[in-house]
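Accompanying notes for the structure given below.
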Amino acid sequence: MEKQQNKRNFSKSRRDGASIFAIIFALLFIAMGVRGFMGAGTVPTSAMLPNGINTTQTKPVELSFSDVLRRGKDIQTMTIHGTDATGTMKDGTKYTATITYDPELLSKLAANGTSISIDASKGTMEYLGTWFPIIISLLFLWWLFRGMRGGAGGITRGLAQQNPTKITTGKPKTTFADVAGIDSEKQELMEVVDFLKNKEKFTAVGARVPRGVLLSGEPGTGKTLLARAIAGEANVPFFAASGSDFSGIIVGLGVAKIKEIFEMAKRNAPCILFIDEIDAIGQRRSTGSYNDQDREQTLNQLLIEMDGFANDTGIIVIGATNRPDMLDSALLRPGRFDRQVYIELPDLAGRRAILDLYAKKIKVGDDVNIQDVARGTTGFSGADLENLLNEAALHAVRNGRTAIAHADIEEARDKILMGPRKTRKMRPEDIKLTAYHEAGHAFVSQMYSDITDPIHKATIVPRGRALGMVQHLPIDDKVSMTIAEVRANLSIALAGRSAEEVFFGADKITTGAESDIAMATRLARYSITTAGLSPRVGLAAINQITNFGRSSALESASEKTAELVDNEIKAWLDTAHADATKLLVKNKKVVERLANELLTRETLTGDEIREIICGKKATAKKAAKPRAKKNAK
């Protein structure tokens with residue numbers, strides 16, 4: 001009912017405003033037309049002669065300026081209005097002409113007996129061109145000052161009535177059963193749900209439930225979904241708005257919209273008021289800039305509404321943002337957003353729960369192992385996992401299948417990670433070099449399989465900017481790496497370049513190792529400057545500042561320390577490169593056989609790679625601990 005009443009009020013005010021403006025413009029045109037008609041007149045000149053004769057001829061003759069000069073003695077009367085001239089000839093013929101105002105010409109015509117009159121009146125369009133902009137400006141100023149006098153009841157309320165909120169007056173369909181993978185976060189918010197259901201239980205003890213809850217985290221982790229689930233679980237109205245809805249070109253519009261949505265929420269309390277992307281209006285206020293006063297006024301109004309004079313409104317405000325570090329400190333203090341819940345990317349168990357939830361809505365084939373899919377999607381958010389299954393379903397339909405198969409999951413994951421499959425035509429030598437490059441990665445990965453993630457597959461099918469890729473399938477989620485793992489991953493990353501050098505020569509290396517070198521450099525820099533894994537640099541945390549995509553000098557480091565860091569990074573990478581080269585040279589025939597299989601089949605699974613490298617009866621893991629320990633400094 002509230003939503004329908006707001007729509008009716010807004011529609012009525014919009015119709016009334018449109019009717020008023022239509023009446024004003026109609027009266028304006030009528031008045032100008034009457035004035036133009038009544039104001040038409042003539043002003044005789046000093047050369048005015050006796051009036052000429054009238055005629056009943058209806059179709060005037062058009063004369064040029066030269067005709068007027070040549071036939072001046074034949075003209076009986078002439079009425080001039082601007083550059084247009086009308087009148088009659090001495091034989092009674094009516095004429096029209098376009099002339100240039102010339103006193104000498106008028107004197108000659110008057111001397112020949114022509115009766116001349118000048119019409120100085122203005123027509124309707126002339127009046128309209130003069131007064132229309134002035135009247136419109138006055139009407140706009142009147143409308144604006146009327147809104148300023150009325151405050152939220154004037155222009156700002158009229159615009160704010162275009163309610164930006166999406167209102168659910170009943171119980172939202174989403175509940176905690178529709179949210180998976182974030183069990184700890186759901187448990188944290190159960191107190192809010194319990195308060196909305198059983199308020200008296202808290203007030204009897206004297207406890208105060210948080211008035212505001214701030215949900216933060218990576219995009220796609222389920223912040224909006226979780227807010228809807230809270231309202232659905234508590235069976236209370238849900239009001240949703242975006243932070244950008246409270247900004248506009250009219251000063252004071254954001255304040256009016258804040259008042260409007262809180263007034264609506266108070267009439268439906270207890271309820272949930274959800275503001276998505278709250279950093280759009282809640283950014284930290286600056287002490288030295290006055291360029292964004294309207295946004296700061298909107299923020300001030302939000303602060304007042306959340307913790308003003310009314311302390312028990314029954315409204316729980318839930319904000320969502322990807323950038324909690326940008327929010328003003330006054331917004332995060334106790335009494336406003338006094339409970340902050342950070343939603344992390346789901347772990348292995350969380351990804352499995354999310355995939356199970358979405359898999360219920362689509363048809364999944366028997367050959368799909370959800371646990372393996374969860375293992376192979378490290379770093380995926382809930383939205384990414386839903387998109388993965390949707391892409392797999394689309395691929396299944398394109399291939400005429402009625403259920404998602406394992407091949408569809410693989411294709412969807414490769415498309416998300418690397419991009420769509422490319423049909424570019426490659427030279428045979430480029431394809432061969434790519435096969436040896438990926439074979440180098442795969443072989444060194446297998447050599448360090450006891451301390452690194454096992455290989456999932458290797459492919460030389462080009463996707464996006466990548467000509468090939470070796471994928472690993474984590475057994476479980478890792479929260480840290482040992483120095484041996486770091487060294488092993490550096491060797492694996494640089495093994496592609498090493499394979500190019502070993503099998504094609506140093507003068508045949510390509511730019512294909514660009515992303516590998518960048519990844520290895522980032523890992524080495526992090527390990528040395530942040531994780532403290534280098535004995536030469538020590539345990540000092542040395543960060544590199546990045547502004548607008550540009551890297552500047554190292555922070556908290558002298559020039560000597562920065563030079564030491566650069567030398568240490570290079571030493572780590574050179575050691576990893578030498579280690580990978582040594583492994584490939586020692587097992588040259590095995591790597592060559594692996595590359596030839598890639599050229600033949602384009603894609604090899606992890607089991608096929610292990611069979612080629614270790615033999616059919618070999619185990620999936622082959623240790624390389626001595627090398628890892630030997631390389632560690």
Side-chain angles (χ1 to χ4, degrees), residues 2-3 165-217 221-241 261-276 278 282 302-321 324 327 331-347 349-350 353-354 356-357 382:
E2 182 74 22
K3 180 178 180 181
T165 57
K166 300 175 183 179
I167 304 171
T168 304
T169 55
K171 178 181 179 181
K173 297 180 180 180
T174 306
T175 63
F176 278 166
D178 301 310
V179 182
I182 48 176
D183 295 336
S184 59
E185 288 81 359
K186 288 195 297 185
Q187 187 65 33
E188 183 77 11
L189 296 172
M190 280 303 297
E191 288 183 3
V192 177
V193 176
D194 197 12
F195 169 75
L196 293 172
K197 287 183 175 181
N198 307 298
K199 181 180 178 181
E200 296 77 10
K201 181 173 66 174
F202 290 86
T203 56
V205 182
R208 179 182 63 83
V209 173
R211 298 190 183 93
V213 178
L214 180 66
L215 304 178
S216 60
T221 50
K223 297 183 290 294
T224 303
L225 182 66
L226 188 58
R228 290 186 178 276
I230 295 173
E233 197 74 22
N235 194 19
V236 296
F238 180 75
F239 297 80
I261 191 173
F262 271 90
E263 288 175 2
M264 190 180 306
K266 290 175 184 177
R267 291 193 297 268
N268 294 271
C271 64
I272 295 290
L273 176 55
F274 176 63
I275 304 178
D276 197 9
I278 196 172
L302 176 62
L303 297 176
I304 294 172
E305 294 288 349
M306 289 190 65
D307 189 19
F309 299 103
N311 293 326
D312 189 14
T313 59
I315 303 173
I316 293 182
V317 182
I318 299 179
T321 180
L327 297 180
L331 200 61
L332 302 177
R333 74 160 179 82
R336 294 191 177 111
F337 285 114
D338 43 10
R339 176 164 297 188
Q340 302 180 33
V341 178
Y342 182 78
I343 304 177
E344 297 181 347
L345 292 172
D347 56 8
I354 294 173
D356 287 337
L357 178 65

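The first residue in the sequence is number 1, and the count goes up from there. Values below: every heavy atom of this structure, side chains too, minus hydrogens, waters and symmetry copies.
The aromatic rings of F195 and F202 sit perpendicular to each other, their planes meeting at more than 60°, with 30° as the lower class boundary.
Remark: N235 CG to T175 OG1 distance equals 11.5 Å, nearest 0.5 Å. From I182, atom CD1 reaches atom CD of E188 across 12.0 Å, with rounding to the nearest 0.5 Å. Expressed to the nearest 0.5 Å, how far CZ of R211 lies from CG of L273 amounts to 14.5 Å. Between the CG atom in L196 and the CD1 atom in I316 there is a gap of 4.0 Å [rounded to 0.5 Å].
Salt bridge D194/K197: absent, no basic N to carboxylate O contact under 4.0 Å.
In this structure, the side chains of M306 and L331 come closer than 4.5 Å at one or more pairs of heavy atoms. Contact check for I275 versus L302: side-chain heavy atoms found under the 4.5 Å cut-off. Within the 4.5 Å cutoff, side-chain heavy atoms of I278 are placed close to those of F337. At a threshold of 4.5 Å between non-hydrogen side-chain atoms, the residues I318 and L226 do not count as touching. For the pair R228 and L225, the minimum side-chain heavy-atom distance is 4.5 Å or more. Annotation: side chain of L214 is in contact with side chain of L332 (closest heavy-atom distance under 4.5 Å).
Of the residues listed (V193, I230, V213, I315), the one engaging I272 in a side-chain contact (heavy atoms from CB on, under 4.5 Å) is I230, and it is the only one.
Scanning all heavy atoms of the two residues, the minimum distance from A180 to L357 falls at CB-CD2, 4.0 Å. Across all non-hydrogen atoms, the minimal contact from G217 to Y342 is CA-CE1, 3.7 Å. The heavy-atom pair separating A265 from C271 by the smallest distance is O-SG, 3.4 Å. Residue I354 comes nearest to G382 through the heavy atom pair CD1-CA, 4.0 Å, listed as atom of the first residue, atom of the second, then distance. Nearest approach of E185 to V341, heavy atoms of both residues: CG-CG1, 3.7 Å. The two residues V179 and A229 have their closest heavy-atom pair at CG2-CB, 3.8 Å.
Heavy-atom neighbours of E191 CD from other residues, nucleotides or ligands within 6.0 Å: at or below the threshold of 12.
A donor-acceptor pair under 3.5 Å links the side-chain atoms of E233 to the main chain of F176, judged by distance alone.
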